Amino acid sequence: MKRSHHCGELSLNHVGQTVILSGWVASRRDHGGVRFIDLRDRYGITQIVFDSEHEPAVHQLADRLRNEYVVAITGKVTLRPEGSANPHIPTGAIEIRSTSLVILNEAKPLPFALDDTITTTEALRLKHRYLDLRRPKMQELLQLRSQVSHLVRQYLHNNQFLEVETPILTKSTPEGARDYLVPSRVNPGEFFALPQSPQLFKQILMIGGTDRYYQIARCFRDEDLRLDRQPEFTQIDLEMSFVDQDDIMQLIEHMVRLIFKETKNIDLPSPLPRLSFEDAMGRYGTDKPDLRFDLQLQDLSQFAATCDFKVFRSAVEKGGIVKALIIPGGNAFTRNRIDNLIDTAKEFGAKGLAWVKINEEGNLDSSIAKFFHPQTLRDALPSAKPGDLLIFVADQSPIVHQVLGRLRLLLGEELGLIDRNRWEPLWVIDFPMFEFDDTAKRYIALHHPFTAPHSEDIPLLETDPLQIRTQAYDLVLNGFELGGGSIRIHAPQVQSKVFDLLNISKTEAREKFGFLLDALESGAPPHGGIALGLDRLVMLLGKTESIRDVIPFPKTQRAQCLMTEAPSPVTSEQLQELSIRTTVKKPTNPL
RNA sequence: GGGGCCGUCGUUCAGCUAGGUUUAGGACGCCAGAUUGUCAAUCUGGAGGUCGCGGGUUCAAAUCCCGUCGGCCCCGCCA
């Protein structure tokens, strides 16, 4: 019995036809003389009727059906009786009057109900992922993900990109994230690493004349997990030769716009807004601002430098800054709520949080109000209104930005300022090339060490490296970093200068990236690229709150797969063959 | 490495902050019966947990204490 149709496609147009459907019993309703089941497959749900009057034998057999039994059904498509149509499902106008039923497989009672209003713990869903995946919502997300991948392939193929696979077993580069290591049996004591990204290979491909490369690439990072971070994740990875920053950004904008239009009929702005790293940090306190609400950081450093409040003045004298958030309606905040804000600010790294209420009469209401001339403060914060609460952080700028940036997000959430139906993509550009790590007393690369500086900034390599801005760009959507890329360094002298500044010695550089350095000296074209997080993109498009919902078989926060119970101990024979001994005290050896 | 929340029948939740009134309760699911128009079907009946695990306090622990395991969220980390 092969199915003639899917469970989501039958309608009034099919009335009278005899069809065969297969699928799972999603629910059953037994009225004695007549029994109903909802038959579900990937495409939808169709109601099946078993009638004792016309088909007593089939009706009798249907008594055995239980949830998630797998069945094949033959029957005639009929119009539902007057008043019993179900407007909630696409096939709700019709039903199948079954003339034959084959039970293909039975199913044990379920560990959890497969509703879309699922209330069970995620752990249970992950353990029984094969059941969880049957839920229409999960099917929809899988489908969405597939559709996005397909659109990406189609679009890039149409733009002369070659899809190239790069190695999964590759070389460990201890810079950056921790590597997943894979021992090599035939090279005792030596290890492959799983790629954190195909970065070096795609640059090599450009030097190899590939011109345009892409890959939907699995990447691996052995770091701690988060809501939007998994140890293995997928990137839309691409690289192009003989292009500049704008070429790549435009290509990606077109692609992302296409994806949003085709999958969700959403029109993203064209062109996407751009914000410099400096402005993003200054106004939003982060390099991935959520532009769905305003609540910008207000710079009060000038005001602070001349005010009577010592905390503010001395922060500025020590080279720091003072910034504020204007919380609309915050005058109504209770003392308790403000205290909570202060505690939160301290958790985020602030030494304290100053606050001033502007009461309805426009007067300042605060223990520190006496230090300020009300009018001077109002002049410094022209958009503050009676009824608002002002909160201030005074410190070195990274701390001020971090604290206020995170308070901004928190307050945006709490005050309901975020419109869930808005899509606010933007590019963040002109990242600094280096940061100075105070504890390690050395420069570290903000992006990665192959990122090219703006050509006019190259002389600064010799004089003032912290002022160098790069040809790097991050695509940000609703506060999530969707991806980032850059024009790469193709001049070997520039590359080695960068390694010098990063305190990577000639021998070290040779050991780690010798092949790339050789390649750069062998006719490297100017090139650049980008990588977009496919998982995050689908997560946002699918309006689901966790990256785990768009990864069919994700890991828990402890980096474990609850279904397969990976990772797991291996036999001592396996370890011996690999010349490996663990230092774990009580290895729970399986054999 | 650190902080927070959580763990009670298959599921979800109540009971815990006055330890005994709990043979641990409700709902969903499950099992049986009834039921010819439901789609969260309905009605009647039934089975099912010793409260994540270990230890302690106590005459008495789901309830208090300590430890431990697991899940989630966050900080660090993620060039």
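Since the model is a prediction, treat every value here as computed from it, not as a measurement.
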ask   = Cation over ring, Arg406(A) on Phe348(A), under 6.0 Å and within 45°?
value =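 So Arg406(A) does make the cation-pi contact.
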query = Quick one: does NZ or CZ of Arg97(A) land under 6.0 Å from the six-membered ring centre of Phe50(A), within 45 degrees of the ring axis?
reply =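 Geometry flag: not set, cation outside 6.0 Å or 45°.
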For [X] and [N], give me the distance from atom [atom1] to atom [atom2], rounded to whole Å.
X         : N      : atom1 : atom2 : result
Met563(A) : G70(B) : CE    : P     : 20 Å
Glu347(A) : C73(B) : CD    : C1'   : 13 Å
Gln199(A) : C78(B) : CD    : P     : 17 Å
Asp179(A) : A79(B) : CG    : P     : 11 Å
Phe431(A) : A79(B) : CZ    : P     : 13 Å
Glu122(A) : C73(B) : CD    : P     : 7 Å
Asp132(A) : G71(B) : CG    : C1'   : 15 Å
Lys127(A) : G71(B) : NZ    : P     : 12 Å

key: pair Arg29(A)-Arg35(A): side-chain heavy atoms closer than 4.5 Å   = no
key: Heavy-atom side-chain contact between Lys76(A) and His14(A) under 4.5 Å   = no
query = How is Leu126(A) classified with respect to the nucleic acid when contacts are heavy atoms under 4.0 Å: base, sugar-phosphate, or nothing?
reply =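 Answer is nothing: Leu126(A) stays at 4.0 Å or more from every strand.
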ask   = Just checking Glu435(A): base, sugar-phosphate only, or nothing, at a heavy-atom cut-off of under 4.0 Å?
value = nothing
Less than 4.0 angstrom from a charged side-chain N to a carboxylate O is my criterion; do [X] and [Y] meet it?
X         : Y         : answer
Arg129(A) : Asp132(A) : yes
Lys506(A) : Asp500(A) : yes
Arg442(A) : Glu435(A) : no
Glu278(A) : Arg469(A) : no
Arg64(A)  : Glu106(A) : yes
Lys137(A) : Glu140(A) : yes
Glu68(A)  : Arg134(A) : yes
Arg218(A) : Asp237(A) : no

With distance as the sole criterion, is a donor-acceptor pair present between the side chains of [X] and [Y] under 3.5 Å?
X         : Y         : answer
Gln215(A) : Thr166(A) : yes
Gln196(A) : Asp179(A) : yes
Thr78(A)  : Arg80(A)  : no
Asp549(A) : Thr544(A) : yes

Using the [atom1] atom as the reference point in each nucleotide, state the distance between [N] and [M] in Å, no decimals.
N      : M      : atom1 : value
A27(B) : U36(B) : C1'   : 29 Å
G15(B) : G67(B) : P     : 25 Å
C72(B) : G33(B) : C1'   : 43 Å
C73(B) : U58(B) : C1'   : 37 Å
C31(B) : C69(B) : C1'   : 34 Å
C6(B)  : G48(B) : C1'   : 25 Å
U17(B) : C43(B) : P     : 36 Å
C51(B) : G7(B)  : C1'   : 10 Å

key: nucleotides 34-40 of chain B: protein proximity per nucleotide (B base, S sugar-phosphate only, - neither; heavy atom, under 4.0 Å)   = -BBBBB-
Side chain to side chain contact (heavy atoms under 4.5 Å, CB included) between Leu21(A) and His5(A), worked out = CA-CA 6 Å; Leu21(A) 296 181; His5(A) 293 78; 3.8 Å; yes
Of the residues in [range], which ones touch RNA chain B at a heavy-atom distance under 4.0 Å?
range                       : value
residues 474-493 of chain A : none
residues 57-79 of chain A   : Arg66(A), Asn67(A)
residues 224-234 of chain A : Asp224(A), Arg226(A), Leu227(A), Arg229(A)

task = Verify the neighbour count for atom CZ of Arg292(A): are there more than 12 heavy atoms of other residues, nucleotides or ligands below 6.0 Å?
result =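 Result for CZ/Arg292(A): enclosed.
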query = Should the pair Phe450(A) and His448(A) be assigned to parallel (<30°), tilted (30 to 60°) or perpendicular (>60°) ring geometry?
reply =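 Answer is tilted, since the angle falls between 30° and 60°.
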key: 5' precedence on RNA chain B between Leu562(A) and Pro449(A) (nearest-nucleotide basis)   =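 It is Leu562(A) whose nearest nucleotide is closer to the 5' end.
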What is the pairing partner of [N], taking Watson-Crick or G-U wobble pairs with both distances under 3.5 Å in any strand?
N      : answer
U68(B) : G52(B)
U23(B) : none
A47(B) : none
C28(B) : G10(B)
G37(B) : none

inquiry  = Check this one for me: any side-chain N or O of Gln402(A) less than 4.0 Å away from OP1 or OP2 of C75(B)?
reply    = no
query = So, is Arg221(A) near the phosphate of A79(B), with a side-chain N or O under 4.0 Å from OP1 or OP2?
reply = yes
Between the protein and nucleotides 7-12 of chain B, which nitrogen or oxygen pairs are less than 3.5 angstrom apart?
from: G10(B); atom 1: O2'; to: Pro111(A); atom 2: O; distance (Å): 3.1
from: U11(B); atom 1: O4'; to: Pro111(A); atom 2: O; distance (Å): 3.3
from: U11(B); atom 1: O3'; to: Thr120(A); atom 2: OG1; distance (Å): 3.0
from: U12(B); atom 1: OP1; to: Thr120(A); atom 2: OG1; distance (Å): 2.9
from: U12(B); atom 1: OP1; to: Thr121(A); atom 2: N; distance (Å): 3.1

From Glu9(A) atom CD to Tyr43(A) atom OH, the distance as rounded to the nearest 0.5 Å = 9.0 Å
N/O-N/O pairs, protein side and nucleotides 3-6 of chain B side, under 3.5 Å:
none

request  = Test Glu223(A) against Arg178(A) for salt bridge (Lys or Arg N to Asp or Glu O under 4.0 Å), laying out the working first.
outcome  = CA-CA 6 Å; Glu223(A) 293 295 343; Arg178(A) 294 183 183 91; 2.6 Å; yes
